[in-house]
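Okay, structure first, notes after.
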Amino acid sequence: MYDIRSLKIQWASLREQLGARGADVPWDEIDTLLQDHRTQLAHTETLRHRRKQGSDNVARLQRASQPADAAIADMRALGDTIGRHEEQLREIETQLEAHALRIPNVPHDTVPPGPDASRNEEVRRWGDPPSFAFTPQPHWALGESLGILDFKRAGKIAGARFAMAVGAGAQLERALASLMLDIHTRTHGYTEVLPPCLVNQDAMTGTGQLPKFERDLFHLRDDPYLLIPTAEVPVTNLYRDEILPDHVLPIRHVASTPCFRREAGSYGQETRGLMRLHQFQKVELVAFTTPDESYAELERLTRAAESILQALELPYRVVTLCRGDLGFAAAKTYDLEVWIPSQSAYREISSCSNCESFQARRARIRFRAGSGKPDYLHTLNGSGLAVGRTVIAILEHYQHEDGSVAIPKVLQPYMNGIERLTASPRHG
RNA sequence: GGAGGGGUGCUGGAGUGGUCGAACAGGCCGGUCUUGAAAACCGGAGUCCCUCACGGGACCGUGGGUUCAAAUCCCACCCCCUCCGCCA
């Protein structure tokens with residue numbers, strides 16, 4: 001939400017609907033600014049009108065060879081006045097925009113109440129958690145003994161929270177991304193894109209990463225680019241500042257990109273393995289729809305993401321995030337949680353959100369129905385899936401007592417027919 | 001990185017200080033004509049903001065500046081094209 005115009009219209013209802021989510025929004029200050037803006041704008045425009053007429057008058061006098069010095073002097077004074085008013089107006093708008101960009105999206109009616117993840121609601125489960133006749137190893141142990149993951153050397157060349165896949169491990173990541181892209185493009189109607197992984201500030205503002213979450217992003221020292229934390233950023237921004245004819249909707253894109261996150265504030269958590277890294281590969285789904293189709297599309301997009309887990313025969317569940325766990329830009333989110341044997345828990349592997357018009361307003365992405373007026377469309381996004389976490393699930397789910405790991409059937413064609421990963425000698 | 005050219009509406013393309021929100025052409029929408037279509041002819045179409053309304057304001061890559069008045073003049077930046085260098 002929340003250009004100045006929509007703030008004027010729905011300031012009060014917005015405050016009420018956000019409730020605890022809007023706790024740190026300075027509502028009263030915004031209200032004062034809105035009122036100032038209203039009066040200041042009306043006044044400034046009246047003065048501008050007077051200037052237009054006055055300037056025409058000067059032109060008329062000069063054309064008729066009449067003296068215009070007095071009129072010009074008046075106009076000069078008027079111009080100074082207008083300048084002062086415009087400056088005040090700009091100042092008000094700057095402040096309003098700064099506030100508006102930090103107001104989160106309003107949750108959909110079907111989002112359950114609750115302060116944190118403990119109140120998320122399970123929607124459905126697919127598959128059964130396997131029972132092992134032995135104690136299942138965590139993926140990092142499997143990966144290192146198989147010689148397909150090398151955390152030590154990744155730490156040397158980059159630092160903590162970086163990983164490196166080797167041999168069949170690297171091949172596995174590539175195979176998974178290819179499988180996901182193929183399923184989404186061939187059976188779910190998504191069009192593949194390969195976007196830039198560095199974007200400008202406008203793109204980050206459009207999807208909601210800026211200004212509020214700047215500390216989560218990697219910056220470049222000498223250039224005004226930022227590393228994308230998800231392909232949602234470049235792909236959603238594809239149509240920024242455009243008005244799309246409604247017959248092109250829905251637009252569905254899928255992209256496989258690296259994602260970069262500083263993970264500031266998560267020190268000490270999940271420091272081992274592939275669970276939480278500064279860089280990871282993710283296949284992302286992004287959709288653009290008309291407002292009345294977006295919730296059907298959210299179901300469709302979520303099912304597309306689920307189809308990957310089903311193809312890989314990995315047990316998972318779907319949960320609806322409660323209000324307190326909902327992201328800044330989302331109106332409703334389903335998380336897909338895959339079963340992780342070493343933790344005996346379901347862990348997030350995909351997050352599918354309908355942002356409604358929140359991002360569209362920030363990025364000015366509109367559509368036009370027929371020959372009518374432009375309106376903001378709705379944007380959705382979801383992981384389909386996070387590749388690194390899929391590797392975790394496969395290693396752990398398909399492990400055997402001897403430390404070998406079977407390759408799921410659908411993946412074997414992408415792995416040059418390899419059916420099983422076994423430890424093989426390698427330098428170090 | 002160096003040299004030059006350019007950024008105007010859906011598109012092409014005029015426009016070097018006032019009557020320009022913008023000629024002209026194409027495309028698009030509606031109408032006339034036609035059995036139907038094409039052609040021809042007539043008409044209509046930008047985006048955004050303020051206002052109950054009447055009406056008013058803003059927008060010619062972006063941001064500043066000059067001026068009574070800027071698409072038009074000045075400055076900075078961004079983007080695109082051509083040539084050279086470099087590189088995958």
Side-chain angles (χ1 to χ4, degrees), chain A residues 1-11 30-101 194-206 210 220-226 234 237-249 251 257-258 357 360-377:
Chain A
M1 263 177 207
Y2 332 135
D3 48 284
I4 290 172
R5 181 173 148 70
S6 44
L7 271 181
K8 277 181 180 168
I9 295 170
Q10 48 180 332
W11 170 85
I30 291 174
D31 187 40
T32 306
L33 285 166
L34 286 172
Q35 287 177 36
D36 289 351
H37 186 262
R38 217 184 298 264
T39 55
Q40 195 61 245
L41 181 62
H43 193 200
T44 305
E45 290 192 347
T46 306
L47 294 176
R48 281 176 180 159
H49 177 55
R50 207 177 293 162
R51 174 172 64 187
K52 260 191 176 171
Q53 293 180 320
S55 295
D56 287 348
N57 185 44
V58 169
R60 238 188 328 272
L61 288 173
Q62 290 183 336
R63 238 179 288 122
S65 302
Q66 304 271 319
D69 291 358
I72 288 176
D74 287 350
M75 286 299 104
R76 183 176 298 149
L78 179 61
D80 291 344
T81 307
I82 291 174
R84 282 195 299 276
H85 282 283
E86 286 178 336
E87 205 174 309
Q88 286 176 36
L89 194 61
R90 253 199 311 276
E91 176 60 24
I92 292 169
E93 285 175 353
T94 302
Q95 289 183 37
L96 272 173
E97 270 154 27
H99 288 312
L101 286 172
L194 188 56
C197 296
L198 300 184
V199 299
N200 57 36
Q201 289 211 2
D202 288 343
M204 288 291 188
T205 305
L210 290 180
L220 302 189
R221 194 191 62 190
D222 293 328
D223 296 286
Y225 301 121
L226 302 121
N237 276 282
L238 272 177
Y239 304 105
R240 194 171 79 228
D241 290 311
E242 293 192 31
I243 301 172
L244 303 168
D246 61 350
H247 64 79
V248 306
L249 300 176
I251 293 173
T257 70
S357 58
R361 265 189 278 256
R362 296 170 76 102
R364 294 164 304 279
I365 311 171
R366 290 172 292 176
F367 78 104
R368 191 197 306 274
S371 54
K373 282 277 172 191
D375 192 13
Y376 292 110
L377 49 70

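Numbered from 1 within each chain, the chains take letters A, B, ... in sequence-line order. In this text, all values refer to a predicted model and were calculated from it rather than measured experimentally.
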Whole-Å gap separating [atom2] ([N]) and [atom1] ([X]):
| X | N | atom1 | atom2 | answer |
| --- | --- | --- | --- | --- |
| A:His85 | B:A58 | NE2 | P | 15 Å |
| A:Leu89 | B:G56 | CG | P | 20 Å |
| A:Phe367 | B:U47 | CZ | P | 14 Å |
| A:Glu242 | B:C48 | CD | P | 15 Å |
| A:Leu244 | B:C10 | CG | C1' | 14 Å |
| A:Asp56 | B:C20 | CG | C1' | 12 Å |
| A:Ile82 | B:G65 | CD1 | P | 14 Å |
| A:His49 | B:A69 | NE2 | P | 17 Å |

It should be established whether [X] places a side-chain nitrogen or oxygen under 4.0 Å from OP1 or OP2 of nucleotide [N].
| X | N | value |
| --- | --- | --- |
| A:Arg48 | B:G57 | no |
| A:Arg368 | B:U47 | yes |
| A:Arg5 | B:C50 | yes |
| A:Lys52 | B:G18 | no |

Can you see which heavy atom on [X] is nearest to which on [Y], and at what distance?
| X | Y | value |
| --- | --- | --- |
| A:Leu47 | A:His85 | CD1-CD2, 3.5 Å |
| A:Tyr376 | A:Ala360 | CD2-O, 3.5 Å |
| A:Leu101 | A:Arg362 | O-NH1, 3.1 Å |
| A:Val199 | A:Ala203 | CB-CB, 3.9 Å |
| A:Pro258 | A:Cys197 | CD-SG, 3.7 Å |

Rounded [atom1] spacing from [N] to [M] in Å:
| N | M | atom1 | value |
| --- | --- | --- | --- |
| B:U11 | B:G2 | P | 32 Å |
| B:A70 | B:G63 | C1' | 15 Å |
| B:G61 | B:G13 | P | 15 Å |
| B:A38 | B:U47 | P | 26 Å |
| B:C20 | B:G31 | C1' | 30 Å |
| B:A3 | B:C77 | P | 13 Å |
| B:A14 | B:G6 | C1' | 16 Å |

Can you tell me if A:Gln201 has over 12 outside heavy atoms packed within less than 6.0 Å of its CD?
no
Minimum-distance nucleotide (side-chain atoms of [X] versus [options]):
| X | options | value |
| --- | --- | --- |
| A:Lys373 | B:C48, B:G18, B:C50 | B:C48 |
| A:Ile243 | B:U19, B:C68, B:U47 | B:U47 |
| A:Leu41 | B:C48, B:C49, B:U19 | B:C49 |
| A:Arg38 | B:U51, B:G18, B:C49 | B:U51 |
| A:Gln62 | B:U51, B:C68, B:U47 | B:C68 |

Testing the 3.5 Å rule here: is there a donor-acceptor pair between the side chains of A:Gln95 and A:His99?
no
Nearest heavy atom decides the nucleotide; on that basis, is A:Arg50 or A:Gly54 closer to the 5' end of RNA chain B?
A:Arg50
Closest-nucleotide mapping onto RNA chain B: is A:Arg63 or A:Ala42 further toward the 5' terminus? I mean the 5' end.
A:Arg63
Residues 59-77 of chain A side chain polar contacts: donor-acceptor under 3.5 Å, at least two apart:
none

Within 90° of 0 counts as syn, otherwise anti: where does B:A37 fall?
anti
Counting only heavy atoms and a strict 4.0 angstrom limit, can you tell me which residues of residues 195-204 of chain A come near RNA chain B?
none
Applying the Watson-Crick and G-U wobble criteria at under 3.5 Å, what pairs with B:A58? Answer none if nothing qualifies.
B:U47
Counting the atoms with a prime plus P, OP1 and OP2 as sugar-phosphate, which does A:Arg366 contact under 4.0 Å by heavy atoms, base, sugar-phosphate, or nothing?
sugar-phosphate
Distance check, rounded to the nearest 0.5 Å: A:Leu226 atom CG versus A:Leu198 atom CG?
8.5 Å
